[in-house]
Amino acid sequence: MASEFELIARYFTRTAPVGLLGVGDDCALFPVPAGEQVATSTDLLLEGRHFFPDVDPRALGHKSLAVNLSDLAAMGARPIGCVLGLALPRLDEPWLAAFAEGFHALAAAHGCPLIGGDTTRSAHDLAISVTVFGAVPAGQALRRDAAQAGDDIWVSGELGAADVAYRLLDGKYPANDALLAATRAALEWPQPQVALGMALRGIAHAAVDLSDGLLQDLGHILAASRLGASLEVDRLPVAAAVAALDDAPRRRAVLGGGDVYQLCFTAPAAQREAVQAAASAASAQVTRVGRTLAQPGLQVLDGQGRPLADLPGGFDHFPDA
Ligand code: ADP
Ligand code: MG
C-alpha cells in the first residue's frame, strides 16, 4: 500500500517552472513581479454538497481548479500557481490518477502549476480545498466595488445549462437523457474565463464570476458599489438546451442558477467596442444585458419593459442565518 509520500510523488509532483519552488519543501516559493499585487483565493469542495459522490474524478479534478481560476479571472489576474488540500476517505489509486489528470491538464492549460498542498485521511467524506495565486498590476484588479452608475452590464458565455444538469442529476427534474447530455458538460467541465478577465483590465469597471447565480452575484457588485441595476430578460444569453424549457424553469436556471463560472462585469458605454475587442482577443462571447442605476434595487424587465415579479434567488449555504 502506497504511503502518503508515494502518493504525493506519484500524482501531485510535477516539475515546477523555472524560478518556482514546487512540491517537496515546507513551502512553495514563487517570485512576485515588481509593480504587481498577488491575488489569492480558496474554494472548499465537499462531497454531497459541491459534487455528487459518483462524479467522474477527472471532471472533479478539473472543476476543483476551475472554480478557483474563475476567481482569478473575475479579478483580471494572471495565474501563478496553486496548492491542493485533500482529505481522502480511502486510498483509491485509479480515482486519484484520474483526479490528478483532470487537475493537471487544466493547470497546464492556464499556466497555473500545482506547487504544494496537504494530503490527509478523512474519517468520512472527501474534501478538496484549492488555493490559487495570481498576479495583477497594482491598482488594476477588477473589484466588485468599482462599478459606476450608468455602466453597461455584460455577461460572458451562456447561462442556465449547469443548473438544469444539477437538477436532473439530483432528481429534482424527471430523468431526461437528452437534456442531461446537452447540459452536463456545463456543470462538470466549467471553463474559467481567465483570458477574458485579463483582457478586460483597464476597460471594465467591476467584475464577478457567476458561482451562485446571476442575480445573486450581480447583487454583490451592486451592494459593494452602492448601485442598482436593470436587466432585460430577453437579452440574456440562454444556453440552447435551456431555451426550450418552460418559462419558470428557464428563468430559474438563467437568473438564479449557479455553477456557471462565466463573468458578469460592468463597463462604461463608451467602452462597448473595446469590450467586444477584448472578448474576441480572448476567444470569448460577451452579451450586454442591462445597465447599472444610481437608485438601489435590481429589476429584470420583460420584453415590454415591465419588471418581472417573483425573481429566483441564488444559492446560499446558510439561507436561514
Ligand atoms: P509538511 O509536513 O511540511 O506539511 P507534507 O509532508 O504535508 O509537508 O508535504 C510534503 C510536500 O508535499 C510539501 O511540499 C507539500 O506542499 C506537498 N504536498 C502534500 N500534499 C500535496 C497535494 N495534495 N498536492 C500537492 N502537493 C502536496
Ligand atoms: Mg502537510
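Note that ligands are numbered from 1 as they come in the structure, with each ligand's atoms numbered from 1 the same way.
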_Please compare L21, T119, V23 and report which has the shortest non-hydrogen distance to atom 23 (N) of ligand 1._
T119
Can you name the atoms of ligand 1, numbered from 1 with element, that are less than 4.0 Å from a heavy atom of [X]?
X    : answer
L114 : 24 (N), 25 (C)
G24  : 11 (C), 13 (C), 14 (O)
D26  : 3 (O)

_So for ligand 1, is L84 a polar contact partner (N or O within less than 3.5 Å, distance only)?_
yes
*Quick one: does I115 get an N or O within less than 3.5 Å of an N or O on ligand 1?*
no
*Heavy atom of F5 under 4.0 Å from ligand 1?*
yes
*asked:* I'd like to check the side-chain hydrogen bond (donor to acceptor under 3.5 Å, both in side chains) partners of R250; sequence neighbours left out, ordered by chain and number.
replied: D247
*Results of side-chain hydrogen bond (donor to acceptor under 3.5 Å, both in side chains) for R306 - residues two or more places apart only*: D302, Q304
*Can you tell me if T292 uses its side chain to pair, donor with acceptor, with the backbone of G150 under 3.5 Å?*
yes
_I need the contact type for D25 against ligand 1. Using non-hydrogen atoms and a strict under-4.0 Å cut-off, is it side chain, backbone, both or neither?_
backbone
*Flag the pair L96 / L88 as yes when at least one side-chain heavy-atom distance between them is below 4.5 Å, and no otherwise.*
yes
*Could you label the plane-to-plane angle of the F265 and W154 rings as parallel, tilted or perpendicular, counting under 30° as parallel and over 60° as perpendicular?*
parallel
_Between E101 and Y11, do the side chains contain a donor N or O and an acceptor N or O under 3.5 Å apart?_
no
